[in-house]
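Encoded as structure tokens, the structure appears first; notes follow it.
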Number of protein chains: 2
Amino acid sequence: MAAQADDTRHRLLEAAGEVFAEKGFQAATVRDICGRAGANLAAVNYHFGDKERLYVEVVKHAHHCGEEIAYPQWPPGTRPRKKFRDYVSHMLIRLLDPRRPAWHTQLMAREMAQPSAACAALVESYIRSGHELLEEILVELMPPETSAIARHLAAFSIVGQCLYFRIGRPIVERLVGEDEFRTYDVARLTDHIVRFSLAALGSRQPAGEASQPASTAGRSREVIR
Amino acid sequence: MAAQADDTRHRLLEAAGEVFAEKGFQAATVRDICGRAGANLAAVNYHFGDKERLYVEVVKHAHHCGEEIAYPQWPPGTRPRKKFRDYVSHMLIRLLDPRRPAWHTQLMAREMAQPSAACAALVESYIRSGHELLEEILVELMPPETSAIARHLAAFSIVGQCLYFRIGRPIVERLVGEDEFRTYDVARLTDHIVRFSLAALGSRQPAGEASQPASTAGRSREVIR
DNA sequence: GATTGAAACGAACATTTGTTTTAATCGAGC
DNA sequence: GCTCGATTAAAACAAATGTTCGTTTCAATC
């Protein structure tokens, strides 16, 4: 029946997501996937044709789930700093929040190490919108004479910081020790990256607390020296 | 003969490095490796025992090659900013210089996405020294009251920026287009990351050119608001 | 109530792949 | 010149794996 079919299809997608993220495309076995999904070995070929098309559907599925957490809609007149903080926080939550299923971003990490043709176009359509949103915020945040290239580089510097705490997790954890790493929660990392980046962009946070920007200056800030 | 043996052993290591980096451990086949190395299929098992031990040796080999490009030795009294720029430049060269064999860092990227037990300890011993060097530079570069955690976070922000231009290359290239991406050479990225990070750390670069720091201040620099 | 079609199942197939085995080759030392 | 150990070459093996096939189940439809 349709309900049953959609159910196993869905279970296959979820199970395959886990396994692909855990082992990678090649190392993941159809048997493992079907086993976790509680489905028959032939279910993959029946529902998706073959292993590769299952993989594509998994990525699409992950993409669709990623859309669920949309970027915030700011009322007009929202301070760029507030937008910026929300943006960084949003990205870190998507990357690090343990309540989110882990395999979405893990799959992305894998695609970065070895981009597959089917997935590249999808990653593109998934990432670009967020990237362009960041650029819009940066236009408001950086001095007006900033070149487009400088703005692009700044955007990558910001995304790179966020991503490293996810992709480089095994390294970071080892370097600072488990105890300190446990304190690297979303709030603290948001605070650090926002502070670090705003200073880099020529904006200045109040010395004490970063969550309540007390000024809208920082746009035309140009240091002489 | 010994000379012949060492030769094929070495060819195997090189070829295996390429293939492992390209395909990943599982997807890489012994046949492909031996084919590229111009060696017989049984050569891997003869010289290394099995595929996994070959992999370990490959990583060790890559590690050894990485050591070849050592960090610069600065004479005492060298300005921290100069050290910092050298450090970033050094890291970017290792990551991006097209003259360096590409598979070293690609293997690292793969180990980050899926750290293997054998390699974790090695990555550790490979990375920590460089990380501690960066921390030493940051001690000189950041205000003296900076906490250790804040310094750690800053270090990761810096490394994350560098790494993203390597790991996230397929994404970055797509986002800005091939033409602009071609202009992202080591010199420009060094310049950007150094400028971005020094500003974030509370230090300020001269507005015009970043390669010749004209001041040793920037340590005690604290902007009010 | 017979029929149809989707869905699931179990077994088998063909291929790939790491590994082993066995024979051949080559060079050095007596 | 011959032997012995090290190395290479070719073939074969056994396990794993993606895929396919024939059958069965079961609800919906006529």
Side-chain angles (χ1 to χ4, degrees), chain A residues 1-61 103 107 110-111 114 116-119, chain B residues 1-61 103 107 110-111 114 116-119:
Chain A
M1 186 183 212
Q4 266 286 58
D6 282 1
D7 190 46
T8 59
R9 201 186 127 96
H10 190 259
R11 282 206 317 273
L12 277 175
L13 281 174
E14 288 290 328
E18 288 180 22
V19 179
F20 281 139
E22 212 172 280
K23 312 267 185 76
F25 177 77
Q26 284 275 352
T29 73
V30 179
R31 282 171 174 79
D32 189 5
I33 293 171
C34 292
R36 293 202 204 186
N40 186 269
L41 174 59
V44 163
N45 286 50
Y46 178 77
H47 286 281
F48 300 94
D50 57 14
K51 186 184 177 186
E52 192 164 354
R53 265 173 287 183
L54 167 62
Y55 180 74
V56 175
E57 290 303 316
V58 162
V59 181
K60 280 186 189 168
H61 183 246
W103 58 268
L107 254 186
R110 221 171 266 283
E111 277 297 320
Q114 186 176 22
S116 79
C119 196
Chain B
M1 182 186 223
Q4 269 283 60
D6 282 2
D7 190 44
T8 60
R9 200 187 129 95
H10 190 259
R11 281 205 318 271
L12 278 175
L13 281 175
E14 288 291 327
E18 287 180 23
V19 179
F20 280 138
E22 212 172 281
K23 311 267 185 76
F25 177 77
Q26 284 274 354
T29 72
V30 178
R31 283 171 173 79
D32 187 6
I33 293 171
C34 291
R36 292 202 205 185
N40 186 267
L41 174 58
V44 164
N45 286 30
Y46 179 76
H47 286 280
F48 299 95
D50 58 12
K51 185 185 177 186
E52 192 164 353
R53 265 174 288 184
L54 167 63
Y55 180 73
V56 175
E57 290 303 316
V58 163
V59 181
K60 281 186 189 168
H61 183 247
W103 58 268
L107 252 187
R110 218 171 267 283
E111 277 297 320
Q114 186 176 23
S116 79
C119 197

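Chain letters run A, B, ... following the sequence lines, proteins first, then strands; residues in each count from 1.
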**OP:** Could you please name the option among dT20(C), dG18(C), dA12(C) that lies closest to any side-chain atom of K51(B)?
**Re:** dG18(C)

Original post:
What is the distance, rounded to the nearest whole Å, between atom CG of D32(A) and atom P of dT17(D)?
Top reply: 9 Å

Original post:
Below 4.0 angstrom from OP1 or OP2 of dT8(D), is there any side-chain N or O of T8(B)?
Top reply: yes

Original post:
The side chain of N40(B) lies closest to which of these nucleotides: dT8(D), dC9(C), dG18(C)?
Top reply: dT8(D)

Original post:
If only atom types and distance count, is the side chain of D50(B) paired as donor or acceptor with the main-chain N or O of R53(B) below 3.5 Å?
Top reply: yes

Original post:
For A42(B), which contact category applies under a 4.0 Å heavy-atom criterion: base, sugar-phosphate, or nothing?
Top reply: base

Original post:
Separation of K23(A) atom NZ from dG18(D) atom P, in whole Å?
Top reply: 11 Å

Original post:
Can you check whether Y46(A) has a side-chain N or O nearer than 4.0 Å to OP1 or OP2 of dA8(C)?
Top reply: no

Subject >> Basic-acidic side-chain contact under 4.0 Å: R11(B), E14(B) >> reply: no

Subject >> OP1 or OP2 of dA6(C) under 4.0 Å from side-chain N/O of H47(A) >> reply: no

Subject >> Rounded distance (Å) that lies between atom C1' of dA8(C) and atom CZ of F48(A) >> reply: 14 Å

**OP:** Quick one: closest heavy-atom pair of R110(B) and E22(B), and the distance?
**Re:** NH2-O, 3.1 Å

Subject >> Nearest-nucleotide 5' precedence on DNA chain C, G38(A) against R31(B) >> reply: G38(A)

Original post:
How would you label the contact of A27(B) with the nucleic acid (heavy atoms, under 4.0 Å): base, sugar-phosphate, or nothing?
Top reply: nothing

**OP:** To the nearest 0.5 Å, tell me how far E52(B) CD sits from F25(B) CZ.
**Re:** 5.0 Å

Original post:
Over how many whole Å does the gap from N45(A) atom CG to dG10(C) atom P extend?
Top reply: 16 Å

